[in-house]
Visitor: 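Let me begin by handing over the structure; questions about it come next.
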Amino acid sequence: IWGLGILGRREPKRLEGLLPLLQDPDAEIRSQCALVLGDAPLAVASRSIASLLGDPEPRVQMYAAIALGKLQDPETIEPLLQLLRDNNDHDPYLRYAAVSGLAGIGDRDALLEHAEDPSSAARLGILLALRRMGDPAIARFLEDSNPRLVTEAARAIYDTPIHGAEVQLADALDAYLQSGRANRSAQPASDTLLRRLLAA
């Protein structure tokens with residue numbers, strides 16, 4: 001698989017013979033096939049690799065999600081979001097992989113269409129993908145109902161930094177103070193947010 005993967009970087013069609021191995025009973029074979037098909041990249045493999053996001057083995061899911069980011073097929077955004085929903089922030093490696101996939105695809109408009117997803121895990125994934133993309137649309141998460149996402153958005157805008165979103169970050173201070181969240185007993189998350197709002 002690795003040998004064909006190296007050959008396939010110059011001639012991706014050489015890798016089409018690996019597609020059936022995405023269904024191999026050995027999880028490591030499935031993982032490595034997803035890896036090399038993404039590295040080639042072999043565009044026709046995206047749908048087959050997307051099916052691995054529901055694989056019973058997290059390692060296979062991880063390699064599949066990263067490969068989809070390299071293949072840049074916007075049709076695989078929804079399966080990546082479903083991986084985030086199913087994971088529900090339990091496995092940080094799977095969250096990282098799904099975010100890598102979404103950021104690699106880089107379809108800003110498609111991500112923003114899902115910015116109101118009922119799953120906070122999916123919204124966090126979108127937020128983190130926008131951070132990687134350096135997209136100022138991340139500022140919309142400063143008004144998210146989940147305080148953790150508000151903090152992550154502030155961290156992304158201030159620490160990265162993301163130009164074009166600094167004004168919204170500074171303006172969020174008034175809303176934060178009026179919400180009463182700043183009057184709670186000290187919490188690391190709210191303290192992290194407040195420091196960035198004040199600095200902005």
Side-chain angles (χ1 to χ4, degrees), residues 1-115 117 119 121-138 141 152 156 160 162:
I1 292 170
W2 289 350
L4 284 170
I6 293 169
L7 292 171
R9 292 172 192 170
R10 292 187 178 180
E11 299 177 60
K13 285 189 70 67
R14 284 178 177 259
L15 298 179
E16 290 181 358
L18 292 181
L19 290 173
L21 292 181
L22 291 170
Q23 306 302 321
D24 194 89
D26 188 316
E28 191 60 18
I29 297 295
R30 300 195 299 275
S31 295
Q32 296 305 314
C33 282
L35 172 68
V36 301
L37 291 168
D39 282 346
L42 184 65
V44 297
S46 65
R47 303 298 169 86
S48 299
I49 293 174
S51 68
L52 295 180
L53 296 177
D55 195 275
E57 291 294 332
R59 180 172 168 82
V60 177
Q61 294 176 313
M62 181 185 74
Y63 276 116
I66 293 171
L68 291 174
K70 296 175 181 178
L71 294 170
Q72 299 182 327
D73 180 358
E75 295 296 319
T76 60
I77 287 177
E78 177 55 38
L80 286 165
L81 291 173
Q82 190 59 49
L83 176 62
L84 287 165
R85 295 182 197 111
D86 294 341
N87 183 48
N88 200 26
D89 283 334
H90 292 306
D91 186 332
Y93 291 97
L94 286 181
R95 180 177 60 224
Y96 162 82
V99 169
S100 296
L102 293 173
I105 294 168
D107 190 331
R108 172 187 191 265
D109 293 338
L111 290 177
L112 294 177
E113 285 177 13
H114 295 277
D117 196 285
S119 166
R123 296 199 309 277
L124 176 60
I126 293 167
L127 184 163
L128 294 173
L130 291 171
R131 175 179 182 154
R132 285 200 186 193
M133 296 160 63
D135 196 310
I138 197 173
F141 289 100
E152 286 298 331
T160 304
I162 297 178

Visitor: Output all residues satisfying side chain to side chain contact (heavy atoms under 4.5 Å, CB included) with Arg14, sequence neighbours left out; order by chain, then residue number.
Guide: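 Counting only residues at least two positions away or on another chain, Arg14 forms a side chain to side chain contact (heavy atoms under 4.5 Å, CB included) with Leu7, Glu11.
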Visitor: Locate the shortest heavy-atom distance separating Leu71 from Leu37; write the atom from each residue and the value.
Guide: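 Shortest heavy-atom separation between Leu71 and Leu37 comes out as CD2-O, 3.8 Å.
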Visitor: Which residue pairs pass the salt bridge (Lys or Arg N to Asp or Glu O under 4.0 Å) test with at least one member in residues 97-109, sequence neighbours excluded?
Guide: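 Of all non-adjacent pairs touching residues 97-109, those that pass salt bridge (Lys or Arg N to Asp or Glu O under 4.0 Å) are Arg108-Asp135.
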Visitor: Can you name the residues that form a side-chain hydrogen bond (donor to acceptor under 3.5 Å, both in side chains) with Ser100, not counting sequence neighbours?
Guide: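 Scan of Ser100 (side-chain hydrogen bond (donor to acceptor under 3.5 Å, both in side chains), adjacent residues dropped) gives Arg132.
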Visitor: Which distance, rounded to the nearest 0.5 Å, do you find between the CG of Leu52 and the CD of Glu57?
Guide: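 Those atoms lie 11.5 Å apart.
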Visitor: Restricting to non-hydrogen atoms, name the atom on Ala27 and the atom on Val60 that form the minimum distance, rounded to 0.1 Å.
Guide: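 Nearest heavy atoms, Ala27 then Val60: O-CG2, 3.3 Å.
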Visitor: Working to the nearest 0.5 angstrom, can you tell me the gap between Asp24 CG and Gln32 CD?
Guide: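 Here the rounded value is 12.0 Å.
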Visitor: According to side chain to side chain contact (heavy atoms under 4.5 Å, CB included), who are the partners of Ala156, at least two apart in sequence or on a separate chain?
Guide: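 Per chain and number, Ala156 pairs via side chain to side chain contact (heavy atoms under 4.5 Å, CB included) with Arg131, Ile138, Thr160, Ile162.
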Visitor: Who pairs with Glu78 by side chain to side chain contact (heavy atoms under 4.5 Å, CB included), at least two apart in sequence or on another chain?
Guide: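 Glu78 satisfies side chain to side chain contact (heavy atoms under 4.5 Å, CB included) with Leu81, Gln82, Arg85, His114 once adjacent residues are dropped.
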Visitor: To the nearest 0.5 Å, what is the distance between CG on Leu94 and CG on Leu53?
Guide: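 Here the interatomic distance stands at 9.5 Å.
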Visitor: Go through it in stages, so that I can follow the logic: the residues are Leu84 and Ile126, the test is side-chain contact (heavy atoms from CB on, under 4.5 Å), and I'd like the CA-CA distance, side-chain angles, deciding distance and then a yes or no.
Guide: CA-CA 10 Å; Leu84 287 165; Ile126 293 167; 5.7 Å; no
Visitor: Which atoms form the tightest heavy-atom contact between Gln72 and Gly104, and what is the distance?
Guide: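 Closest approach of Gln72 to Gly104, heavy atoms only: NE2-O, 3.2 Å.
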Visitor: Quick one: OG on Ser48 to CG on Leu18, what's the gap to the nearest 0.5 Å?
Guide: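 It is 11.5 Å, given to the nearest 0.5 Å.
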Visitor: According to salt bridge (charged side-chain N to carboxylate O under 4.0 Å, His left out), who are the partners of Glu28, at least two apart in sequence or on a separate chain?
Guide: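 Glu28 satisfies salt bridge (charged side-chain N to carboxylate O under 4.0 Å, His left out) with Arg59 once adjacent residues are dropped.
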Visitor: Closest heavy-atom contact between Cys33 and Ile1?
Guide: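 Heavy atoms of Cys33 and Ile1 come nearest at SG-CD1, 3.7 Å.
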Visitor: Quick test of your reading: applying salt bridge (Lys or Arg N to Asp or Glu O under 4.0 Å), list the pairs with at least one residue in residues 89-103, sequence neighbours left out, ordered by first then second residue.
Guide: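 Listed once each, the pairs are Asp89-Arg95, Asp89-Arg148.
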Visitor: For Ile6, what residues pass the side chain to side chain contact (heavy atoms under 4.5 Å, CB included) criterion, not counting sequence neighbours?
Guide: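 Ile6 satisfies side chain to side chain contact (heavy atoms under 4.5 Å, CB included) with Arg9 only.
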Visitor: Give every residue pair that meets the salt bridge (Lys or Arg N to Asp or Glu O under 4.0 Å) criterion with at least one member in residues 29-56, sequence neighbours excluded.
Guide: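 The answer is Arg30-Asp55, Asp39-Lys70, Arg47-Asp73.
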Visitor: Consider side-chain contact (heavy atoms from CB on, under 4.5 Å). Of Thr76, Leu68, Leu35, which one does Ile49 pass it with?
Guide: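 Looking at Thr76, Leu68, Leu35, the match for Ile49 under the side-chain contact (heavy atoms from CB on, under 4.5 Å) is Leu68.
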Visitor: Which residues pass the salt bridge (charged side-chain N to carboxylate O under 4.0 Å, His left out) test with Glu75, sequence neighbours left out?
Guide: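 Testing Glu75 for salt bridge (charged side-chain N to carboxylate O under 4.0 Å, His left out), a comparison that skips the adjacent residues, returns none.
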Visitor: How far apart are the closest heavy atoms of Pro41 and Pro12, and which atoms are they?
Guide: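 For Pro41 versus Pro12, the nearest heavy atoms are O-CB, 3.7 Å.
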Visitor: Measure across Ala65 and Ala98 and return the closest heavy-atom pair with its distance rounded to 0.1 Å.
Guide: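 Shortest heavy-atom contact: CB-N, 3.9 Å.
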Visitor: Can you confirm whether Ile105 sits close enough to Leu80 that some side-chain heavy atom of one is under 4.5 Å from a side-chain heavy atom of the other?
Guide: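 Answer yes - side chains close enough.
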Visitor: So Phe141 and Glu152, side-chain contact (heavy atoms from CB on, under 4.5 Å) or not? Walk me through it.
Guide: CA-CA 8 Å; Phe141 289 100; Glu152 286 298 331; over 6 Å; no
Visitor: Within this structure, what is the CG-CG distance for the pair Leu21 and Leu15, rounded to the nearest 0.5 Å?
Guide: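 So the CG of Leu21 and the CG of Leu15 are separated by 11.0 Å.
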Visitor: Is the closest side-chain heavy-atom distance between Tyr96 and Leu128 below 4.5 Å?
Guide: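 Side chain of Tyr96 against side chain of Leu128, heavy atoms only: no contact under 4.5 Å found.
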Visitor: For the pair Leu111 and Met133, evaluate side-chain contact (heavy atoms from CB on, under 4.5 Å) and give the outcome as yes or no after the intermediate values.
Guide: CA-CA 11 Å; Leu111 290 177; Met133 296 160 63; 3.8 Å; yes
Visitor: Please round to the nearest 0.5 Å and tell me the distance separating atom CG of Leu22 and atom OG of Ser31.
Guide: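 Rounded to the nearest 0.5 Å, the CG-OG separation comes out at 10.0 Å.
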